[in-house]
Protein chains: 4
Amino acid sequence: MADDATTSRRHHGNRHGRSEHARVAVMQAADDLLLERGFAALTVEGIAAAAGVAKQTIYRWWPSKTAILFDAYVLDAAEHFTDTDHGDLGPDLRDRLSQLATFLTRPDTHAVFCALAGQAQHDPAVAARFRTDVMDPQRARDRQPLQRALQRGHLGTGFDIEAALDELTGPIYYRILLTNQSLPRTYTDQLVTHLLGRLTDTIHVTDQRGVPT
Amino acid sequence: MADDATTSRRHHGNRHGRSEHARVAVMQAADDLLLERGFAALTVEGIAAAAGVAKQTIYRWWPSKTAILFDAYVLDAAEHFTDTDHGDLGPDLRDRLSQLATFLTRPDTHAVFCALAGQAQHDPAVAARFRTDVMDPQRARDRQPLQRALQRGHLGTGFDIEAALDELTGPIYYRILLTNQSLPRTYTDQLVTHLLGRLTDTIHVTDQRGVPT
Amino acid sequence: MADDATTSRRHHGNRHGRSEHARVAVMQAADDLLLERGFAALTVEGIAAAAGVAKQTIYRWWPSKTAILFDAYVLDAAEHFTDTDHGDLGPDLRDRLSQLATFLTRPDTHAVFCALAGQAQHDPAVAARFRTDVMDPQRARDRQPLQRALQRGHLGTGFDIEAALDELTGPIYYRILLTNQSLPRTYTDQLVTHLLGRLTDTIHVTDQRGVPT
Amino acid sequence: MADDATTSRRHHGNRHGRSEHARVAVMQAADDLLLERGFAALTVEGIAAAAGVAKQTIYRWWPSKTAILFDAYVLDAAEHFTDTDHGDLGPDLRDRLSQLATFLTRPDTHAVFCALAGQAQHDPAVAARFRTDVMDPQRARDRQPLQRALQRGHLGTGFDIEAALDELTGPIYYRILLTNQSLPRTYTDQLVTHLLGRLTDTIHVTDQRGVPT
DNA sequence: TGATAAACGAGACGGTACGTCGAGTCTTCGT
DNA sequence: ACGAAGACTCGACGTACCGTCTCGTTTATCA
């Protein structure tokens, strides 16, 4: 029954546009093969074969195998991240970084992120898309807690949000891309602690919980 | 004359081992082509042609084009870094990070570092060598100022050197690999300032949780 | 106005059977493209585009691009050949061969004939249809003058009509398909003269040129 | 032993030029596949696979699959034809045409000749090479008996050798390419008989067997 | 003073994947 | 019911590099 339904739905192309079946199968196959064999062994022919799809169908909708991974990544990222406002910078930031660490550590998303970041080093066009479609949105997400704290007046006027973001997330990406070390909750919490400690020191306005003294 | 000298030096093989001329020409050609066309367009055949060398000669001495870049990188890195002891953590660290930023910003070394870091994302073997031959030595260099300060007793017993290194260098690699932003002296100095501020805070003013004593 | 008429005639499918407009446009487009670009560059997609017709419409009515050419050829051939009985073998044959030579020399029909003959070498099915639909009818047409002469008693009983047809038309096809030489009237006339000369020799009745016996 | 010898001889390419093994294997494979599956199913990939050779090796030495067939054809033709001078036009011509008929009837050479002749209809470049490398040399061979007869003075001054060649060989090619009929010795002998009969008639010098009256 | 042996240039080889083209099939909508 | 549109699977195209393999040449060194 389910198979029948799937088969009947699986149209082979018509004037209404592309086959959803093919779109999903390709992205799934690319993800799977990336995880199994690594990016070096990832070929368009291999993806096509694994997805049960013609090579031409892939080239019709994606300019390169990297583009497939971008689509897969963006989809995953949109699902993964949520923003909850605790009304306090500390918990907000700790949640954020923890979510990021979890996302970049999950085997499938880790593989895709690293593959894209790696390819960005080799191809300026990939680098550009990587920044606009991956890094910029992520940074926007990570900026939210700080932005809210700023609006609440919990951050001094001289506070440099961008520098803080670099210092909070830089070490995480460092471990992901360069040392392949784990990212336990204690690690990301410590990053937040260090930042907040600096805040206490400089502005003398709030305690760790962001409550004015 | 110079040409003659070059030609005479350029032996076509003998029983005393490899041709220095070929070794240098290959590494130089690889570097040049990487800078001109990018890693994606870097091929062993292209390097061989540019170096005026047979493909087999490259394969005789290097297992892959990545290995050529490793050799070139290690050479450059050994030349670049110097360690001067100012007897004070601040200046030592500022010098260190500035040197690192300069090295990773120079067009040629930037290209090689990014190419290797990128390839490390795609190939576990490259990743392993990248850590042992590139990241570990660099981290050892960067650790020196902190180690000296520790020995001088200028750091509290609870101070976590490895975490500090992550937080000092993470943002630098982040900008190099992911956002392609510049790394001015003010930026690296600020990183040090933030760390030192935290030290002051932790040792003399607050406890580790940032609560004023 | 004319455009309106055309447009109104050009129905986009209805329940009254196939579109005459599409049928003609396809054959015309196939002919044109064959002449312009040659058979090697003739594609069903190209014909469809040139005819302003969907690919499926072609496949609905013709099994292959060769079949289109067959249809076009048969149409042309039916129009071209006429049979006039001069009551004399010589003039009848000379007219026949001249008509054949003219037909096979006209750029459009030449192209189609050669394309089909060529494809017949590569595909047994095409070869079969080529013989039944092209060569056999043509040979039947060419046989008529001889048949009439036979009935008139102008040919000896031992005369081999089929051999004569081979020797009359063989050289013509030879020049068309293999040497691309011209086929002037003098050439075809000479073929007839040679045959008739042989007749004189064998039957000892009259020759057709009026040379006294 | 033989295998060893073959294996040791089978070099994989070196500075002395191309591999003879590959050259022969490709031509043999092309011939075999042509005979087995026909020209329509003949692909460079198929030839490469059958010959145990890389596709690139074929493209290195032949611009197209047609070129391979030309090479194979020329080789076969050079081996097949011999010219013996009986001192008499009749026997010389009869031998000639019989040899031609045999050659064009042998399954392997028949397939190659038809494939090339067919492709010549589709591609002007093939047509040109077909004329210079196949038809012209063959016609030169077939012309020899007539040329000798002319030099012996056995042909009248007004005798048109080229027309005679058309009329002798045209019917043969006609049967090969267009009707796929057999070419028994009696058929080719009859062609010669008809020509000689015409000679007797016109020059009154020799009888049908070429013996002076 | 040759003979020897290592490394050289050159470049053909068997392969793998590339990105493109066209073939022939299928489905939907509009007329 | 048929045509236009166009996405689909499939197979072959010709190209680019891969890494491997001789082959003939060069040249320092050792017999």
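Sequence lines set the chain letters: A, B, ... in the order given, protein chains first and strands last, and positions in each chain run from 1.
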Cut-off 3.5 Å, no hydrogens considered: what does the side-chain donor-acceptor table look like for residues 57-65 of chain A, sequence neighbours left out?
residue: A:Trp62; atom: NE1; partner: A:Asp71; partner atom: OD2; Å: 2.9
residue: A:Ser64; atom: OG; partner: A:Thr66; partner atom: N; Å: 3.4
residue: A:Ser64; atom: OG; partner: A:Ala67; partner atom: N; Å: 3.3
residue: A:Lys65; atom: NZ; partner: A:Leu42; partner atom: O; Å: 2.8

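- Distance, C:Gln119 CD to E:dA23 P: 12 Å, rounded to whole Å.
- Taking A:Phe113 as the reference, A:Phe130, A:Tyr173 meet the ring-ring contact (aromatic ring centres under 6.0 Å, His included) condition, with sequence neighbours excluded.
- In this structure, D:Ile58 atom CD1 and E:dG14 atom P are separated by 9 Å, rounded to whole Å.
- Going from atom CZ of A:Arg18 over to atom C1' of F:dT9 covers 16 Å, rounded to whole Å.
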Every protein N/O within reach of nucleotides 10-13 of chain F N/O, cut-off under 3.5 Å:
residue: F:dC13; atom: OP1; partner: D:Val44; partner atom: N; Å: 2.9
residue: F:dC13; atom: OP2; partner: D:Val44; partner atom: N; Å: 3.3
residue: F:dC13; atom: OP2; partner: D:Glu45; partner atom: N; Å: 3.0

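- Residues A:Cys114 and A:His110 meet the side-chain proximity criterion, which asks for heavy atoms closer than 4.5 Å.
- No side-chain donor-acceptor contact under 3.5 Å links B:His122 to the backbone of A:Gly38.
- In terms of phosphate contacts, D:Thr57 brings a side-chain nitrogen or oxygen within less than 4.0 Å of OP1 or OP2 of E:dG14.
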Donor-acceptor contacts under 3.5 Å from residues 47-56 of chain D side chains, at least two apart:
residue: D:Lys55; atom: NZ; partner: D:Glu45; partner atom: OE2; Å: 2.9

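- To the nearest 0.5 angstrom, B:Leu116 atom CG is 7.5 Å from B:Phe39 atom CZ.
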Please tabulate, one pair per line, all N/O donor-acceptor pairs under 3.5 Å involving side-chain atoms of residues 28-36 of chain B, not counting sequence neighbours.
residue: B:Gln28; atom: NE2; partner: B:Asp32; partner atom: OD1; Å: 3.0

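- Note: A:Phe70 CZ to A:Asp133 CG = 6.5 Å, rounded to the nearest 0.5 Å.
- Each of C:Arg60 and B:Pro63 was assigned the nucleotide of DNA chain F with the nearest heavy atom; the assignment lying further toward the 5' end belongs to C:Arg60.
- Within residues 31-38 of chain D, no residue places a heavy atom under 4.0 Å from DNA chain F.
- Taking every side-chain heavy atom of A:Trp61 into account, F:dC8 is the closest of E:dC8, E:dA12, F:dC8.
- Whole-Å rounding puts the B:Trp62 CH2 to E:dA7 P distance at 14 Å.
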